Amino acid sequence: MSESVTKNLSDAVSENEPIEIDIGEEDNKTNKEEESNSQKKGRRRTSDVWLYVNRVKVKENGEEVFNPRYERISRNTMRSDVMKIYESAKEEVKLLLKGTIRISLTSDLWTSNQNIGYMYLTAHFVHSDWTLQKRIINFCQMEPPHTGVVISDAIIDCLIAWGIEDKVSTITLDKASANDVAAKTIMNNFQVRDKLCFKGLIFHVRCCAHILNLVVQDGIHIIQDVIENIRCSVTYLKKSTSRMYKLGEIARQLSVPTSKSLTLDVATRWNSTYVMLEHAFVYQKVFEQYATRDANYKWLPSEDDWFKAAKSL
């Protein structure tokens with residue numbers, strides 16, 4: 001296969017977008033010969049390029065056709081290829097971290113809709129060319145309970161696996177009590193090994209974004225009832241396609257623009273609450289009309305509620 005075709009296929013993998021490739025007569029002949037040889041020997045191409053080859057359209061003799069080299073790949077083969085790519089990328093990051101003197105960590109833990117706990121760990125460091133770098137070095141499932149000791153053990157195990165247990169200078173966590181215990185446990189571990197930077201004075205950095213969220217949430221607590229009514233309204237409507245369709249019909253009748261869709265907020269993101277209120281405020285009259293058509297809808301904000309919501313925007 002020519003270099004241009006190989007390059008285009010590589011770009012398709014990196015950008016994950018369909019592309020068009022012009023295959024000349026010579027390349028097409030070579031492709032067919034390689035395909036024939038591959039079938040004779042019973043081999044299957046399973047490199048990272050061929051994982052996405054079914055997304056690539058080719059042009060043969062000026063006509064667009066599906067790539068004749070595409071072969072179905074089993075999930076076991078795909079898993080094996082993905083793990084090979086991961087291991088290769090991991091070695092590159094290890095080499096990058098090896099030449100780093102100090103590393104700062106950030107970490108967070110959350111629970112999915114399936115009640116599965118996950119934790120990620122990101123390394124932040126200055127490269128030898130004085131550019132700030134960051135790499136996610138762990139994303140793992142966390143079995144309950146998510147205590148401080150469990151969190152600290154997971155972080156320390158990850159640091160050892162990457163060979164950077166003696167390079168950590170700070171770690172940033174949110175203000176959850178379990179994280180305070182985790183940071184203290186990790187700091188004690190470093191202190192015992194005499195690897196604690198600055199005597200631990202700035203080892204545990206509390207997340208400013210999380211602190212800001214707590215401040216804002218405390219401030220908007222005064223209109224909590226208003227926010228809850230709007231949140232329940234949005235939740236009720238978005239749970240059903242037919243309800244959203246009916247809402248859209250009413251909006252068109254009232255000439256209300258629908259460019260801003262209803263969105264739910266996330267309790268730990270104050271700005272998402274702002275967006276939820278901002279978008280819901282556009283549909284104030286629509287909500288009122290919808291309430292007359294659905295007896296099960298019981299969270300219609302009052303005029304006073306809308307007034308308070310508008311003042312918070």
Side-chain angles (χ1 to χ4, degrees), residues 97 102-125 132-162 164-193 195-225 227-228 230-232 234-235 263-277 312:
L97 293 174
R102 292 297 177 193
I103 298 171
S104 294
L105 303 174
T106 57
S107 181
D108 197 7
L109 190 146
W110 71 95
T111 303
S112 69
N113 294 335
Q114 294 79 26
N115 291 322
I116 301 175
Y118 294 96
M119 184 190 77
Y120 80 86
L121 189 65
T122 305
H124 305 259
F125 55 95
L132 184 62
Q133 303 284 328
K134 65 176 181 179
R135 298 290 188 276
I136 295 177
I137 58 176
N138 198 16
F139 186 95
C140 62
Q141 183 177 335
M142 293 285 290
E143 297 294 337
H146 301 153
T147 63
V149 175
V150 171
I151 296 172
S152 63
D153 286 346
I155 292 176
I156 292 174
D157 288 344
C158 175
L159 298 180
I160 294 174
W162 283 93
I164 57 174
E165 65 273 18
D166 296 335
K167 297 184 177 184
V168 177
S169 57
T170 65
I171 182 169
T172 301
L173 305 167
D174 62 34
K175 282 183 62 62
S177 57
N179 285 333
D180 290 340
V181 175
K184 186 176 181 180
T185 304
I186 297 171
M187 188 168 65
N188 290 339
N189 179 288
F190 290 174
Q191 193 169 24
V192 169
R193 296 186 295 104
K195 297 297 181 180
L196 189 61
C197 295
F198 312 113
K199 298 181 179 180
L201 295 177
I202 58 172
F203 179 77
H204 182 196
V205 181
R206 287 166 174 80
C207 179
C208 292
H210 188 256
I211 294 173
L212 177 60
N213 179 69
L214 294 176
V215 171
V216 176
Q217 293 293 348
D218 187 64
I220 64 177
H221 183 72
I222 192 173
I223 59 169
Q224 190 59 42
D225 292 341
I227 295 175
E228 190 60 30
I230 294 177
R231 182 182 293 124
C232 290
V234 174
T235 302
T263 59
L264 273 174
D265 65 337
V266 180
T268 56
R269 300 289 185 269
W270 68 268
N271 54 316
S272 67
T273 302
Y274 178 90
V275 172
M276 180 184 72
L277 295 177
S312 66

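Just so you know, these numbers come straight off a predicted model, no measurement behind them.
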Ser107 side chain vs Tyr120 backbone, donor-acceptor pair below 3.5 Å: yes

Between Trp162 and Phe125, ring centroids under 6.0 Å: no

Atom CG of Leu132: over 12 foreign heavy atoms under 6.0 Å: yes

Side-chain donor-acceptor pair present, Thr273, Asp265, cut-off under 3.5 Å: yes

Side-chain (Ser112) to main-chain (Ile116) donor-acceptor, under 3.5 angstrom: yes

Residue pair Lys195 / Asp166: nearest heavy atoms and the distance that separates them: CG-OD1, 3.5 Å

Atom pair NE2 (His210) and CZ (Arg269), whose distance is rounded to the nearest 0.5 Å: 8.5 Å

Criterion side-chain hydrogen bond (donor to acceptor under 3.5 Å, both in side chains) against Asp174, the qualifying member of Thr106, Asn179, Asn213: Asn179

Closest approach of Ala182 to Ser152 (non-hydrogen atoms, all atoms of both residues): O-CB, 3.7 Å

Donor-acceptor contact present, side-chain Lys167 to main-chain Leu97, <3.5 Å: yes

Minimum-distance pair of heavy atoms, taken over all atoms of Thr263 and Val234: O-CG1, 3.8 Å

Geometric class of the Trp110/Tyr118 ring pair [parallel <30°, tilted 30-60°, perpendicular >60°]: tilted

Side-chain touch Arg102/Cys197, heavy atoms, less than 4.5 angstrom: yes

Atom pair CG/CD1 of Leu109 and Ile151 - distance to nearest 0.5 Å: 5.5 Å

Leu173 vs Arg206 side-chain heavy atoms within contact, under 4.5 Å: no

CA sep, side-chain torsions, deciding dist, call: Asp218, Leu214, side chain to side chain contact (heavy atoms under 4.5 Å, CB included): CA-CA 6 Å; Asp218 187 64; Leu214 294 176; over 6 Å; no

Rounded distance (nearest 0.5 Å) linking atom NZ of Lys184 with atom CG of Asn189: 14.5 Å

Candidate list Ile186, Asp180, Thr172, Thr170, test side-chain contact (heavy atoms from CB on, under 4.5 Å), partner His204, passing option: Asp180

Contact summary for Val149 and Val181, nearest pair of heavy atoms: N-CG1, 4.4 Å

Among Asp108, Val150, Asn138, the one residue meeting side-chain contact (heavy atoms from CB on, under 4.5 Å) with Met119: Asn138

Backbone N/O of Val266 and side chain of Ser272: donor-acceptor pair under 3.5 Å: yes

Minimum heavy-atom distance Glu143-His146, with the two atoms named: O-CD2, 3.5 Å

Candidate pair His124 and Gln133, rule side chain to side chain contact (heavy atoms under 4.5 Å, CB included), full reasoning: CA-CA 6 Å; His124 305 259; Gln133 303 284 328; over 6 Å; no

Side-chain heavy atoms of Ile137 within contact of Thr122, under 4.5 Å: no

From Ile155 atom CD1 to Glu165 atom CD, the distance as rounded to the nearest 0.5 Å: 14.0 Å

Side chain to side chain contact (heavy atoms under 4.5 Å, CB included) between Ile103 and Leu159, worked out: CA-CA 11 Å; Ile103 298 171; Leu159 298 180; over 6 Å; no

Any side-chain donor near an acceptor of the partner, Gln191 and Arg193, under 3.5 Å: no

From CA spacing to verdict: side chain to side chain contact (heavy atoms under 4.5 Å, CB included), Val168, Phe203: CA-CA 9 Å; Val168 177; Phe203 179 77; 4.2 Å; yes

Donor-acceptor pair, side chain of His221 and main chain of Gln217, under 3.5 angstrom: no

